[in-house]
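What follows is a single structure, written as structure tokens, with notes after it.
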Amino acid sequence: MSDFDGESPLDEKPSEFLASIGITGGEHDGQAIVPEGDHYKCWCSCGEWLVEAPTEEEGLHLARLHTGSVPA
């Protein structure tokens, strides 16, 4: 059994999650990789990152680079 009694963002409904990241302002709290025709549109809740990627995997990689969770 876990000692963690807090709420996880993963337990939220998508609309609740989006509302919560919208309040933070300027943070890298959420990234989206969304199919759009023959490419993926990628953006971050910080409002300073919007790119297109040829594949979902590339979009996820670019998001990780943007947030600094992987080295450049």
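Side chains included, hydrogens not; waters and symmetry mates left out as well; all remaining heavy atoms used. In this text the structure is predicted, and so the values were computed from the model without any measurement. Numbers for residues simply follow the sequence, beginning at 1.
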Residue set satisfying side-chain contact (heavy atoms from CB on, under 4.5 Å) with Glu56, at least two apart, ordered chain then number -> Ile33, Tyr40, Leu60
For a quick test of reading the model, state the closest non-hydrogen atom pair linking Cys42 to Ala53 and the distance between them. SG-CB, 4.0 Å
The complete set of salt bridge (charged side-chain N to carboxylate O under 4.0 Å, His left out) pairs with one or both residues in residues 36-45, sequence neighbours excluded, reads Glu36-Lys41
Are any non-hydrogen side-chain atoms of Pro54 and His39 less than 4.5 angstrom apart? no
So how far is it from Cys44 SG to Gln31 CD, rounded to the nearest 0.5 Å? 4.5 Å
Run the side-chain contact (heavy atoms from CB on, under 4.5 Å) test against Leu65 and tell me which residues pass, sequence neighbours left out. His61, Leu62, Val70, Ala72
CD on Glu48 to NE2 on His66, rounded to 0.5 Å: 7.5 Å
Apart from Val34 itself, residues in the same hydrophobic cluster as defined by side-chain heavy atoms under 4.5 Å: Trp43, Leu50
